[in-house]
Enquirer: 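Before anything else, here's the structure in question.
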Amino acid sequence: MAKRIEAHGVTAFYSSFKAIDSINMTIEPKSVTALIGPSGCGKSTFLRSINRMHEVLPGARNEGKLLIDGQNVYDNDVDVTAVRRMIGMVFQRPNPFPTMSIYDNVISGLRLNGVRKKSTLDDAVEKALRGANLWNEVKDRLPRPGAGLSGGQQQRLCIARAIAVEPQVLLMDEPCSALDPISTLKIEDLISELKNRFTIVIVTHNMQQAARVSDRTGFFSIDQTGDPGRLIEYDDTSKIFTNPSEKKTEDYITGRFG
Amino acid sequence: MTAQVDTERPVVIASGDQLKAKRLPTWAPVAVAAAAIVLAAGLVMGTGWGGPVLTGVVAAVLFIVGLGVAGGVVEGRRAGSNRVATTLIYSAFLLALAPLLSVAFVLVTKGFERLDGNFLGTSMKNISAFDANGGAYHAIIGTLEQAGIATLITVPLGIAGAIYIVEYGRGFLANAIRFFVDVMTGIPSIVAGLFILSFWVFVVTPIFNDGRPGYSGFAAALALSVLMLPTVVRSTEEMLRLVPGALREGAYALGIPKWKTIMKIVLPTAGPGIVTGCMLAVARAAGETAPVLLVAGGNPAINFSPFSDNQSSLSLYVFEQAGVASQYAPARAWAAALTLVVIVLTLTVLAKLLARRNKLAR
Ligand SMILES: Nc1ncnc2c1ncn2[C@@H]1O[C@H](COP(=O)(O)OP(=O)(O)OP(=O)(O)O)[C@@H](O)[C@H]1O
Ligand SMILES: [Mg+2]
């Protein structure tokens, strides 16, 4: 049930500031797409534009068309919560709900969307935690607070929370930037597994990570500060990292720029 | 090593390779304190300038100076000023505590004189200020009912208002509401009482009451609501703003609707702070006298109904009893004051426990 994402001229504004300009890209179902680029070039903004999270900020708005299996999520009659239920998101910094236990954190999306049955919830917790590679570490302390886990565990808890609602697309904004190498590896393994079920888009500053986990890579850049970010090159990961067509991309991945 | 080590001021900055500094022995502050007291006693009492109070003040000054000098000489200037600052902060703490403790002490000692079953169980019906006995039962009922109704009105309204300002309000309307809430904060309680008197008691209730003004406990609750509302709104607003946006976004990203995010994620996170704010408002309302006097009128007899007839309240009772020249009245006033403090304290503790219960065991 993974979905195809098509961006047609997606543009994002923070009040009057244009942060990304006219992004066009097609993301195939059941693939992992990495977004790379220098800081401030609009990777997070583009990611948040996919599940209409961008517009949560006051003054922020989108233009263009973003199709999920052909349906434009920017249309006026689209239900935002339905979009976000279909497109899950993991944030750069782990944000478990502080008043909830580990158990409640994982099923928060289900319970707050009306699922009540205890057995369904129990099953969902185990499945999601196993899916996030966290089950063994926390299975004995599910009633303990989610905020009491280590940073890496919290991040995997947030991943479990996101996959528990069975989204069809999973967006991850630098999910490993605060993690140790072992947790990072676990999350990368997880991404490779989740790829069988979801369409995954991941923002990362780690080239090796992009090369390791992704099928396709998009390189974003800005000409100079104040200009909007653009998609410079978008191609198979192997091509981007071995033989990019654009000079800018080559400079960036060889470390000569950005 | 070429850097010059200043021997008189060791290790202030990274001035050398020396990391250890001389420290005063742990008994030094005690010794300085003892010396300061002896010296002060000798100076003040011996020369007959003053009594124990002046001795205490002089001893405190001598202690600060002595400890600062001793620390400065032995440990260096930074450590010396650290000792002075520490001492000053502790003294400020003690100074701030002194009035609180003395109020509590006087209240408890004088209040216990009449605080018994008879006081808590009887009213002042047919008992004049010049009689012994009499109690505050009617006033306790009044306070509980008036503060309770006011809380029922203001807490939902105030929290809803704060949610609107923080989560939904954009632009003019939200700013206008915030401005008027600020203005309301500054309303003196007597003005709130006059407002309810002229609006509710003299205009609204006569319509249902054959043209007679309806003094009642409910009118007092309305006046208290006017006073409580801004406190509840502002404190809730501050608490909601402290909830990180990342939590809201985390919930939105799960497809949780906004209103549910607010009810199930934002409010519980801000819960304990909101409870504290509400309890501050309740405590303030329970202690108000003027509005109750104006619109509930006072009543020496028990009146359970907040909607008809005059009612008293504990603060009003204290005001009445403290004002008459009777040998029995002051004891009643103190006992009522103690009762009021105990009630507010109990409510506060209960509310805090209730807010804590939801918190997970760490
Ligand atoms: N809340 C905001 N309000 C105004 N401008 C913003 C906001 N968030 C981001 N921007 C601006 O939008 C542009 C793109 O930001 P974005 O966060 O998408 O960059 P990024 O590529 O994710 O960078 P990083 O790699 O550092 O996370 C930047 O110029 C940034 O300053
Ligand atoms: Mg970013």
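Keep in mind the model is a prediction, meaning the values are calculated, not measured. So that the names make sense, note that chain A is the first sequence line, chain B the second, and so on, each numbered from 1.
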Enquirer: May I ask you to check whether A:Asn206 and A:Thr204 show a side-chain donor-acceptor distance below 3.5 Å?
Expert: no
Enquirer: Please check if any side-chain donor atom of A:Asn113 sits under 3.5 Å from a side-chain acceptor atom of A:Arg85, or the reverse.
Expert: yes
Enquirer: Using non-hydrogen atoms and a 4.5 Å limit, figure out which bit of A:Val165 sits close to chain B: side chain, backbone, both or neither.
Expert: side chain
Enquirer: Given heavy-atom pairs under 4.5 angstrom as the criterion, report whether the side chain, backbone, both or neither of A:Pro96 touches chain B.
Expert: backbone
Enquirer: Pick out which of B:Val341, B:Thr339, B:Leu338 makes a side-chain contact (heavy atoms from CB on, under 4.5 Å) with B:Leu314.
Expert: B:Thr339
Enquirer: At a heavy-atom distance under 4.5 Å, which candidate from A:Ser108, A:Gly88, A:Pro58 has the highest pair count against chain B?
Expert: A:Pro58
Enquirer: For B:Arg248 and A:Asn95, does a side-chain donor sit closer than 3.5 Å to a side-chain acceptor?
Expert: no
Enquirer: Taking side chain as C-beta onward, heavy atoms only, is A:Arg144 less than 4.5 Å from A:Ser101?
Expert: no
Enquirer: Where on A:Ile87 is there a heavy atom nearer than 4.5 Å to chain B: the side chain, the backbone, both, or neither?
Expert: backbone
Enquirer: Find the one option among B:Met263, B:Lys264, B:Glu249 whose heavy-atom pairs under 4.5 Å with chain A are most numerous.
Expert: B:Glu249
Enquirer: Would you say the side-chain atoms of A:Ser31 and A:Lys195 include a donor-acceptor pair closer than 3.5 Å?
Expert: no
Enquirer: Is it the backbone or the side chain of A:Arg161 that comes under 4.5 Å from a heavy atom of chain B, or both, or neither?
Expert: both
Enquirer: Looking at A:Arg111, A:Arg48, A:Met53, A:Arg84, which has the largest count of heavy-atom pairs under 4.5 Å with chain B?
Expert: A:Arg84
